[in-house]
Amino acid sequence: MGEKIRLTTAQALVKFLNQQYISVDGVETPFVEGVFHIYGHGNVLGLGEALENNPGRLKSYQGKNEQGMAHAATAFARQNLRQKIFAVSASAGPGSANMVTAAGTAFANNIPVLFLPADTFATRQPDPVLQQLEHEHSTDLTTNEAFKAVSRYWDRIDRPEQLMSALIRAFEVLTNPATTGPATICLPQDVEAMAYDYPVNFFNKRVHYVDRKLPTQRELDGAIAAIKQSKRPVLLVGGGAKYSEAREELVALSEKANIPIVETHAGKSTVEFTHPNNLGGNGILGTSAANKAVMNADLIIGIGTRYTDFTTSSRTLFDFDKTTFLNINVNRGQAYKFDGFQVVADAKAALQSINKNIGDYQSSYGEETASLKQEWENERNRLAATEFNRNDFKPEIADHFNQEILNDYADALKTELTQTEALIRVNDVVDSDAIVISSAGSLPGDMQRIWNANVANTFHLEYGYSCMGYEIAGALGAKLAKPEQESYAVVGDGSFLMLHSEIVTALQYDKKINLLLFDNSGFGCINNLQMDHGNGSTGTEFRNANNEIMNIDYAKIGEGYGLKTYSVNNLKDLTAAVEDAKKQTVSTLIEIKVLPKTMTDGYDGSWWNVGVAEVSEKESVQKAAAERQQILDNARQY
Ligand SMILES: Cc1ncc(C[n+]2csc(CCOP(=O)(O)OP(=O)(O)O)c2C)c(N)n1
Ligand SMILES: O=C1C[C@@H](O)[C@H](O)[C@@H](O)C1=O
Ligand SMILES: [Mg+2]
């Protein structure tokens, strides 16, 4: 039966991880970079022992919060275009539960991460162990069942030999572009340490080939016919196009046939914004130019997009009577959306075939794309020059806070900076190849609209789960992936408060990250949401018991951790801080005090379906509910 090697389950796991390779376009690289861990009784003597005594080439990083370290792992895989991953290991019970949110985040964004939550004893001898939940109706249920809803593959290793089939299945999922996402393998602490005679062959080098799936002739003929019938096609670029590295083919098709490019949150920076046909982000957070192009399109060529509500403006952005869809996606289910013509293929390969067969087809746009882009650039210039005044200031989000309240904020935060002018200034000053990471709050909207990503794959917006707390951990993951490039977390005060523990990990391992902390003293975007729909301002501003606006010294907090910090409240100091931060070798934090309501607002086509109360004594809420219903009456249902 072949040679055997006696190992614990955890030792076998580490040995296997060392032997996984991925091959993309003939280039073979190790797939697993290392393991993030926070040890407890559930994993220190099993996986901890294995990593201490025979880690092979795996790197080990000590996380500070399980959610944070798993976000870092997610950002690392994403920045590596899903071609390299981390495993994340946590102790049983609360440590593992802390990773569930991060697994959801990886799932919603289709990012591969190997989750290794420790589990309660398979033998049940000491039950209930510390941190075990005792259910009256089942002993088979542990905290880790919670991962089932947020994993693309889930398994529990109750006997050491189960590890083999579990790992083979997990790595198929992790390396398959159509299904990739988090894979969870639960490790009961006794089984981690149990010995077994594993077949040596199980540890042979394994190469996972990511062959590009080509379109069939039928699919290609259909795609060409759809484009040739169209006068106003738009290339809608999703994350799948970025992961497929389809930039050159997108640019070639766009230039050859004069087709505008618009981008989803995941797709942004597949093609650099400096390309004249790139009109930027579309949808609820879209630029005026991208939304106009999409609203007037007769064909949407959706490449690697899931068509989420933020991309489709809750299925209201397109003119569904005249617009048809050509969906290129490796995932067949995604290609079915909007009854589109389905090309179930790799984005790059499909575009290569289309480029070869499109002939001399030309759209009817002529110079229109250039004028849409110019119109948007003028608008962005206006946003770069918004100026506060104490008498009659009209912020971008108008009619929520009166002048008196805005002046109170200016006094409390000691600032007159607007968010749009600050963000555009940062964009102007950072290196063009700097990677920017954001995720939740009002900043994703500003990023999607006004951040010009002028180098491909530098824009990293987690907007599948929009998970507060991803930003700083994500900046660490991106830095680990691209050590030569600066990494900036673009983070609100609310997100900072929710999770910033991986600052310490970045300092500990000397991985420079930069935090751009936009402090508007509140959950600004949710305040906008409630006030936009007829409600007052409740539960979303950071005010104390005396109703005073809180002014937290985040720079001091950062200083306490050992960051180089700056606190700024005007453009001159902001510019100097960003320039100085670039020169630092240590991680930095720039606290940017900004006025509320000064983020960007939506442009035409940016409607979002949110649940407005259908019964209310407030006329303003009744009005908002009626308006919503009116829009929904004309929205597409599926
Ligand atoms: C983990 C998590 N909890 C709650 C939310 C809902 N939520 C979205 S944005 C937001 C407030 C964000 O505040 P801040 O980071 O200060 O950004 P701002 O909107 O003020 O720019 C909340 C509570 C979320 N997205 N993620
Ligand atoms: O509820 C939300 C509103 C969005 O504006 C925000 O970006 C997102 O983080 C969210 O969760
Ligand atoms: Mg805020």
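Here, residue 1 is the first one in the sequence, and each next residue gets the next number. Remember, it's 1-based here, ligands and their atoms both numbered in the order they're listed.
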Using a plain distance cutoff, I'd like to know if [X] has any nitrogen or oxygen under 3.5 Å from a nitrogen or oxygen of ligand 1.
| X | answer |
| --- | --- |
| Y465 | no |
| L443 | no |
| G441 | no |
| D493 | yes |

### Task
Check whether more than 12 heavy atoms from other residues, nucleotides or ligands sit under 6.0 Å from atom CG of N544, and answer yes or no.
yes
### Greater than 12 external heavy atoms within 6.0 Å of E614's CD
no
Out of [options], whose heavy atom is nearest to [atom]?
| atom | options | result |
| --- | --- | --- |
| atom 8 (C) of ligand 2 | S466, A440, P444 | S466 |
| atom 5 (C) of ligand 1 | E471, E541, M468 | M468 |
| atom 8 (C) of ligand 1 | L497, I526, L499 | I526 |

Could you tell me which atoms of ligand 1, counted from 1 in the order shown, lie closer than 4.0 angstrom to a heavy atom of [X]?
| X | result |
| --- | --- |
| M498 | 1 (C), 3 (N) |
| G494 | 13 (O), 14 (P), 15 (O), 16 (O) |
| N520 | 18 (P), 20 (O), 21 (O) |

#### Entry: contact_flag G522 ligand 1 heavy-atom lt 4.0 Å
yes
### Summary
Which of E541, K414, E416, K597 passes side chain to side chain donor-acceptor pair (under 3.5 Å) with Y409? Answer is E541
### Task
Would you mind listing which atoms of ligand 2 come within a distance below 4.0 Å of any non-hydrogen atom of W608?
3 (C)
### Message
Determine whether V455 and E272 satisfy the following criterion, side-chain contact (heavy atoms from CB on, under 4.5 Å), listing intermediate values before the conclusion.
### Response
CA-CA 5 Å; V455 172; E272 60 283 359; 5.9 Å; no
### Residue, atom name and distance, where the atom is the protein heavy atom closest to atom 2 (C) of ligand 2
I526 CD1, 3.8 Å
### Query
Do we get R78 above F76's six-membered ring, with its NZ or CZ under 6.0 Å from the centre and within 45° of the axis?
no
### Task
Cation-pi check, K337 to Y307: give yes when NZ or CZ is under 6.0 Å from the six-membered ring centre and within 45° of the ring axis, no otherwise.
no
### Message
Checking the N or O distance criterion of under 3.5 Å, is ligand 2 in contact with Y463?
### Response
yes
### Message
With a 3.5 Å distance limit and no angle check, can you tell me whether D519 reaches the backbone of D493 through a side-chain donor-acceptor pair?
### Response
no
### Task
Hey, can you tell me if F86 and F36 have their rings parallel, tilted or perpendicular (30° and 60° cut-offs)?
tilted
#### Entry: Heteroatom of D493 nearest to the Mg ion (ligand 3) (N, O or S, atom name)
OD1
### Task
Considering only NZ, NE, NH1 and NH2 on the basic side and carboxylate oxygens on the acidic side, decide whether E379 and R382 come within less than 4.0 Å.
yes
